[in-house]
Amino acid sequence: MEAERPFHLVSPLLESLPLSRAAGTKVYMKLENVQPTGSFKIRGIGHFCQEVSVAGGGPWGCARRAGVQWGHPMLPSVSGPRWGHAAVPFLPLPPAFQAARKGCRHFVCSSGGNAGMAAAYAARKLGLPATVVVPSSTGPGTVRRLQELGATVEVCGKVWDEANRRALELADTPGWVSVHPFDHPLVWQGHASLVRELKDSLEAKPDAIVLAVGGGGLLAGVVAGLQQVGWPDVPIIAAETWGAHSFHAALEAGRLVTLPDITSVAKCLGAQTVSARALECAQESRVISQVVEDAEAVRAVERFLDDERMLVQPACGAALALLYSGRLQRLQREGRLGTPLGSVVLVVCGGSSITAAQLRGLKSQLGLE
Ligand SMILES: COC[C@H](NCc1c(COP(=O)(O)O)cnc(C)c1O)C(=O)O
């Protein structure tokens, strides 16, 4: 039924000549930065919210049970503009729908920003309220955009883990449902759609997929997707920045490790402890962990802006830096990646909390001119 139409877009897959030149192989960009909230997060978070809402009896669940078709004038609008406009007013739902919502009355999400944006967007589409708890490292621009989407925003703690503890407290409220930013099977299922789109778009399976890791949700989703499409052997190169390298630390230790703090400027990679699922993925699939300096990630953001005219967050810069810095060629020389590589897919994870002024500020903070 159309009511289960996902909230994410089928994102473009474009070859990048500058990245191909830098990486010494054909590089395709999976442009998740053009998703409605600016990052891949809407895939998994949107899927989670729709599933929970339907299960919990939200408008879609009620509609589905009542046989109401998509586009029913009483259903909330789902064609609303990208954030930045006043929230589209919702038509009052018939009493039957109101009553059906009892199972899921309110979403609450902890986030470095982008998962929160996705949760706020999904909640708005589902006609449900949302509260997003962010750490103090989340800029005022992100808070404002969350509020423009209709979310209530709480700022709690210095790092995501502290904000998450507050979100879990709020989730104890009857009817409130916690939306984890990276550690839930429904989130991974939603992210797996990215790989199904690669399968539809590419003539042959890629020789590697490059992505960024924060809590490991994107990694878990890509691994799930590779298994679903029959590409389980495609190596994944997992990028982090030093100071947000909880996945790398876990791989080195062979167990989950909690970083004492998040000191990287890539705050949206800032999970002090990576999810257990991410560590399992590294045991099930060919996952190669690579860590870059903040300076490399920020330089990569600027170079990508010049090369492809797209501005992304330092989290995405970490993955870009692997291509710009010759890391792929080094992995090939070390025999950890095949030679030659036919093609590589870079997940341009995006991120909405970045402006030209913030990029200049990051360069200044890191002494980059
Ligand atoms: C603390 O923050 C976790 C999460 N950001 C995660 C994130 C990642 C990493 O994704 P993950 O590995 O957490 O699924 C990559 N690229 C971008 C642009 C991201 O925002 C959030 O927004 O709450």
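Each ligand, and each atom within it, is numbered from 1 in the order the structure gives.
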Query raised in the report: Do any heavy atoms of V213 fall under 4.0 Å from ligand 1?
Result: yes
Query raised in the report: Can a donor-acceptor pair be found between the side chains of Q272 and S246 at a distance below 3.5 Å?
Result: no
Query raised in the report: Contact between C316 and ligand 1, counting heavy atoms under 4.0 Å?
Result: no
Requested in this report: For W188 and F48, run ring-ring contact (aromatic ring centres under 6.0 Å, His included): C-alpha distance rounded to whole Å, both residues' side-chain angles, the deciding distance at 0.1 Å, then the answer.
Outcome: CA-CA 9 Å; W188 310 330; F48 175 94; over 10 Å; no
**Report entry** Exercise: do H47 and Q189 side chains pair donor with acceptor under 3.5 Å
**Finding:** yes
Query raised in the report: Where is the nearest protein heavy atom to atom 6 (C) of ligand 1: which residue, which atom, and how far?
Result: C268 O, 3.0 Å
Report task. Could you tell me whether E148 and R144 have a side-chain N and a carboxylate O separated by less than 4.0 Å? Result -> yes
Query raised in the report: Any side-chain donor paired with an acceptor under 3.5 Å for Q329 and Q332?
Result: no
Query - Protein contact to atom 10 (O) of ligand 1 [nearest heavy atom, distance to 0.1 Å] - result: F40 CZ, 3.4 Å
Query raised in the report: Where's the contact between P181 and ligand 1, heavy-atom distance under 4.0 Å: side chain, backbone, both or neither?
Result: side chain
Query raised in the report: Counting from 1, what ligand 1 atoms have a heavy atom of G112 closer than 4.0 Å?
Result: 2 (O), 21 (C), 22 (O), 23 (O)
Requested in this report: Give me the ring orientation class for H191 and F40: parallel if the planes are under 30° apart, tilted from 30 to 60°, perpendicular past 60°.
Outcome: perpendicular
Report task. Give the atoms of ligand 1, by number and element, whose distance to some non-hydrogen atom of G217 is under 4.0 Å. Result -> 11 (P), 12 (O), 14 (O)
Report task. Please indicate whether any nitrogen or oxygen in A315 is less than 3.5 Å from any nitrogen or oxygen in ligand 1. Result -> no
**Report entry** Contacting atoms of ligand 1, where contact means under 4.0 angstrom from a heavy atom of A115
**Finding:** 21 (C), 22 (O), 23 (O)
Requested in this report: Assess the side chains of H106 and T173: does a donor N or O sit below 3.5 Å from an acceptor N or O?
Outcome: no
**Report entry** Enclosure of K205 NZ (heavy-atom neighbours >12, cutoff 6.0 Å)
**Finding:** yes
Query raised in the report: In the protein, which heavy atom is nearest to atom 8 (C) of ligand 1, and how far is it?
Result: L269 CD2, 3.8 Å
**Report entry** N/O separation below 3.5 Å, S110 to ligand 1
**Finding:** no
**Report entry** N/O separation below 3.5 Å, K267 to ligand 1
**Finding:** no
Report task. Would you check the N or O atoms of G215, main chain and side chain alike, for any that come under 3.5 Å of an N or O of ligand 1? Result -> yes
Requested in this report: For F247 and ligand 1, answer yes if some heavy atom of the residue is under 4.0 Å from a ligand atom, otherwise no.
Outcome: no
**Report entry** Verdict with reasoning, H245 to F247, per ring-ring contact (aromatic ring centres under 6.0 Å, His included)
**Finding:** CA-CA 5 Å; H245 60 287; F247 179 53; over 10 Å; no
Query raised in the report: So, is G350 polar-close to ligand 1, with some N/O to N/O distance under 3.5 Å?
Result: no
Query raised in the report: At a non-hydrogen distance cut-off of under 4.0 Å, which region of H191 contacts ligand 1 (side chain, backbone, both, or neither)?
Result: neither
Query raised in the report: Any salt bridge between E284 and R277, counting N to O under 4.0 Å?
Result: yes
Query raised in the report: Which residue supplies the protein heavy atom nearest to atom 4 (C) of ligand 1, what is that atom called, and how far is it?
Result: K41 NZ, 3.4 Å
Report task. Pull out every atom of ligand 1 sitting under 4.0 Å from any heavy atom of S111, numbered as shown with elements. Result -> 21 (C), 22 (O), 23 (O)
Requested in this report: Distance to 0.1 Å, residue and atom name: give those for the protein heavy atom nearest to atom 20 (O) of ligand 1.
Outcome: N114 ND2, 2.8 Å
Query - Separation between NZ of K30 and OG of S201, rounded to the nearest 0.5 Å - result: 5.0 Å
Query - Nearest-contact summary for atom 16 (N) of ligand 1 - protein heavy atom, Å - result: C349 SG, 3.2 Å
**Report entry** E169/R166 under salt bridge (Lys or Arg N to Asp or Glu O under 4.0 Å): CA gap, chis, key distance, verdict
**Finding:** CA-CA 5 Å; E169 284 171 13; R166 172 60 180 153; 3.1 Å; yes
Query raised in the report: Nearest protein heavy-atom contact for atom 9 (C) of ligand 1: which residue, which atom, what distance?
Result: G214 N, 3.4 Å
Report task. In plain terms, say whether E296 and R327 are close enough for a salt bridge, that is, a side-chain N and a carboxylate O under 4.0 Å apart. Result -> yes
